[in-house]
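Take a look at the structure below.
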Amino acid sequence: MTHTTSNREIAAQFERLADLLEIEDENPFRVRAYRNAARTIEGLSPRLSDLVADDADLTGLPAIGREIAARIREIVLTGRLSALDEIARRVPSELSDLMKVRGLGPKGVKALYDHFHVRSLHDLERVAKQGRVREIEGFGAKKEAALLDGIGRLRRGGERRTRLADAEPEAERLKSWLAAADGVQRVEIAGSYRRRRETVGDLDIVVSGTDGAAVMDRLLAHEDIERVVSHGETRSTVILHSGLQVDVRTVEADSFGAALLYFTGSKEHNVELRQRAIDRHWKLNEYGLFNGERPIAGREEQDLYARLGLAWVPPELRENHGEIELSAADDLPTLVTVDDVRGNLHAHTTWSDGGDTLEDMARAAQARGYAYLAVTDHGPKVRVANGLDARRLRRQMGDIDRLNAQLDGLVLLKGCEVDILQHGELDLPDDVLAELDVVVCSIHYNLRQGREAQTERVLRAMDNPHFMIWGHPTAREINRREPIDIDLDRCLEAAAERGIVVEINAQPKRLDLKDTHARLALEKGCALAIDTDAHSVADLDLMRHGVDQARRAGATRERIVNTGSLADVRRRLRAP
DNA sequence: GCCGTTTTCGGCCCGACTGTTTTCAGTCG
């Protein structure tokens, strides 16, 4: 009997183990090994509990060796991690939670526990408020205040990552603000923002110029800043009113490319690059590539990659998921761009829950240079959205015919976002679906069915020959709703077999499929559509967010259906 | 504890900043 422990829970166990080992002052490399394993597990798309059930060899996974593979099996098979139980006899395992307080590391946690038996945030708050933390050597009044502040931040949920689209306005404001500082040459936002991850933990801004201090002074003068965490000549950290943390780093122009590379990451990508440097008896750091003391490259990212025998890697691919091998072979994919997109296959109007009329949506799509726009209002199941029954849908088709007669250059496609009902039925009859150009099938209700039922539900729906596009497949909403529990491998294989197109929904709250799942879909041979799921004219501009995720999945233009002409699209959407 | 076309032992990133220190440990990224 296997326990259905999620990958996230398993990763959390290893993180906790690493924290406790660190508090016990264990070998730091052993600690790191557990943290690396946790990272691998968090980013893994198949479930470990399934892999264990299939008796798969886990040691092929990065950072997973014999020992940790055995411990994963233990967690899946018994629900326990005995190493954690064992260490918990010496150190209370809650101490791991204290490590999340900013400014408090393993040494501090240990000292607080030894002196005052501090085991919880509550304990720490009490001792700090009594002003007794400073009794410990190495702690003082400032540290005490910083810890109280850290507790407050943690309680306010400061750990949550910010959605990329929410961080964008703040990031761009800061970027142009810094660009106007004295002597500034270049400013780039690096980190996961530049890699276009769906969320960002903080913003990393790299600046080159002749006067680092002037940049930092200007940073501190920005109106969005709530608090300064640290402030140096080349590096500062601030917190914005929104709670977003911003790290600004200044370098000389000759190091800008190296710093940009370094702070764009990912960490794993950088580790690989550094290893390539070491193989050549060189050193790569945020200042440049060096042979001994002699700089070889540093001003431009391209130069650094070139000297390491690599083609420049688009930031979206820098996750050490095979991109370095492709780069070495000069075989990187030419990633899809927002300019490649020629139409939109999922949009709503005032007929259901959209905010703009059919005609306004059509004109707006036309203005954006699109060749086609599929009108896919909700089917009848989604009553709260005023979903269309067969009768209203046929009336809408008439309106679309009349509009198409007037439109020049843009063709409106007749469509519907059909609901996949609880057992895999669709919420409109086949004879109506047969009259449509585009049928997007999505799940909106019964999100909490078990994995087996959920999988069967989708597979059964896919048996309907009118099922053309699988809309927002996991129904997740970032920071708000977990994905449905479903065997995505099987469903994507089924989609590939049947010629069903899989959606990357470009709504910033959805981005569903997410990057790793989109990559999986490509590996399974699926074609993708990047859809805005627009509920207004303004939403049509969300396309770029979906393109970002497609790029992270390594998608070329050819793999995205709506980069094709109208004739291409008609051919690639399966005809029953 | 993981990893391996210089390998199965000996590596594993390291620099910036803070606070509490009179020269550095801890934390962070």
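Proteins get letters first, then strands, A, B, ... in listed order; numbering begins at 1 in each.
Taking atom P on both nucleotides, dG11(B) is separated from dT18(B) by 34 Å, rounded to a whole Å. Between dG1(B) and dT8(B), the distance separating the two C1' atoms is 14 Å to the nearest Å. Rounded to the nearest Å, the gap between the C1' atom of dT21(B) and that of dT27(B) is 16 Å. Taking atom P in both dA16(B) and dT20(B), one finds a spacing of 22 Å when rounded to whole Å.
Nearest-nucleotide assignment on DNA chain B puts the 5′-proximal partner with Asn27(A), out of Gly140(A) and Asn27(A). Closest-nucleotide positions on DNA chain B for Arg280(A) and Arg102(A) were compared, and the one nearer the 5' end corresponds to Arg280(A).
Using a 4.0 Å cut-off between a side-chain N of Lys or Arg and a carboxylate O of Asp or Glu, Glu323(A) and Arg195(A) do not qualify as a salt bridge. Comment: Arg16(A) engages Asp97(A) in a salt bridge, judged by a side-chain N to carboxylate O separation of less than 4.0 angstrom.
If you check the side chains of Arg153(A) and Gln245(A), you find no donor sitting under 3.5 Å from an acceptor. A donor and an acceptor atom, one from each side chain of Thr199(A) and Arg161(A), are located under 3.5 Å apart.
Residue contacts shown for Glu22(A) are absent, as no nucleic acid heavy atom lies under 4.0 Å away. Heavy atoms of Asn270(A) sit nowhere under 4.0 angstrom from any nucleic acid atom. Within 4.0 Å (heavy atoms only), Ser236(A) reaches no atom of the nucleic acid at all. Residue contacts shown for Tyr34(A) are limited to sugar-phosphate atoms, with no base heavy atom under 4.0 Å away. Counting non-hydrogen atoms under 4.0 angstrom, Glu233(A) reaches the backbone sugars and phosphates but no base. Backbone-only engagement by Leu61(A) is indicated by non-hydrogen atom pairs under 4.0 Å involving sugar-phosphate atoms exclusively. Ala18(A) comes within 4.0 angstrom of nothing in the nucleic acid, heavy atoms only. Residue Tyr287(A) is in sugar-phosphate contact alone, with no base atom involved, counting any heavy-atom pair closer than 4.0 Å across all strands shown. Residue Pro62(A) is classed as a sugar-phosphate contact, given heavy-atom separations below 4.0 Å to backbone atoms only.
For dT21(B), neither phosphate oxygen OP1 nor OP2 lies less than 4.0 angstrom from any side-chain nitrogen or oxygen of Arg134(A). Regarding contacts with the backbone of dG1(B), a side-chain N or O of Arg30(A) is found under 4.0 angstrom from either OP1 or OP2. The phosphate of dG29(B) (OP1 or OP2) has a side-chain N or O of Gln245(A) nearer than 4.0 angstrom. Contact between the side-chain N/O atoms of Thr237(A) and the OP1/OP2 oxygens of dA16(B) is not found at any separation under 4.0 Å.
Listed nucleotides: dG1(B), dT18(B), dC13(B). Nearest to the side chain of Glu67(A): dG1(B). With distances taken from any side-chain atom of Lys142(A) to the nucleotides dC12(B), dG29(B), dG19(B), the minimum falls on dG19(B). For Asp247(A), taking side-chain heavy atoms from C-beta onward, the closest of the listed nucleotides dG15(B), dG29(B), dT20(B) is dG29(B). With dT20(B), dG29(B), dC2(B) as the choices, the nucleotide that has an atom nearest any side-chain atom of Lys143(A) turns out to be dT20(B).
In this structure, dG10(B) forms a base pair with dC3(B), meeting either the Watson-Crick or the G-U wobble geometry with both donor-acceptor distances under 3.5 Å.
The CG atom of Leu273(A) sits 13 Å away from the C1' atom of dC13(B) (whole-angstrom rounding). As rounded to whole Å, 10 Å separates atom C1' of dC28(B) from atom OH of Tyr262(A). Rounded to whole angstrom, the span from the NZ atom of Lys283(A) across to the P atom of dG15(B) amounts to 7 Å. In this structure, Phe263(A) atom CZ and dG15(B) atom P are separated by 12 Å, rounded to whole Å. For Ile278(A) and dC3(B), the CD1 to P distance is 17 Å, given to the nearest whole Å. The interatomic distance linking Lys107(A) (NZ) with dG26(B) (P) rounds to 6 Å, in whole Å. Rounding to whole angstrom units, CZ of residue Arg66(A) and P of dG1(B) are separated by 11 Å. Note: CE (Met99(A)) to C1' (dG29(B)) measures 15 Å, nearest angstrom.
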- [ ] Go through Arg71(A) and Glu67(A) one step at a time and tell me if the salt bridge (charged side-chain N to carboxylate O under 4.0 Å, His left out) criterion holds.
- [x] CA-CA 6 Å; Arg71(A) 294 188 176 198; Glu67(A) 182 75 16; 2.7 Å; yes
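A distance of 8.0 Å separates CZ in Arg132(A) from CZ in Arg126(A), rounded to the nearest 0.5 Å.
The cationic atom of Arg196(A) (NZ for Lys, CZ for Arg) lies less than 6.0 Å from the six-membered ring centre of Tyr193(A) and within 45° of the ring axis.
Residue-to-nucleotide contacts include no donor-acceptor pair under 3.5 Å from the side chain of Asp204(A) to the base of dG29(B).
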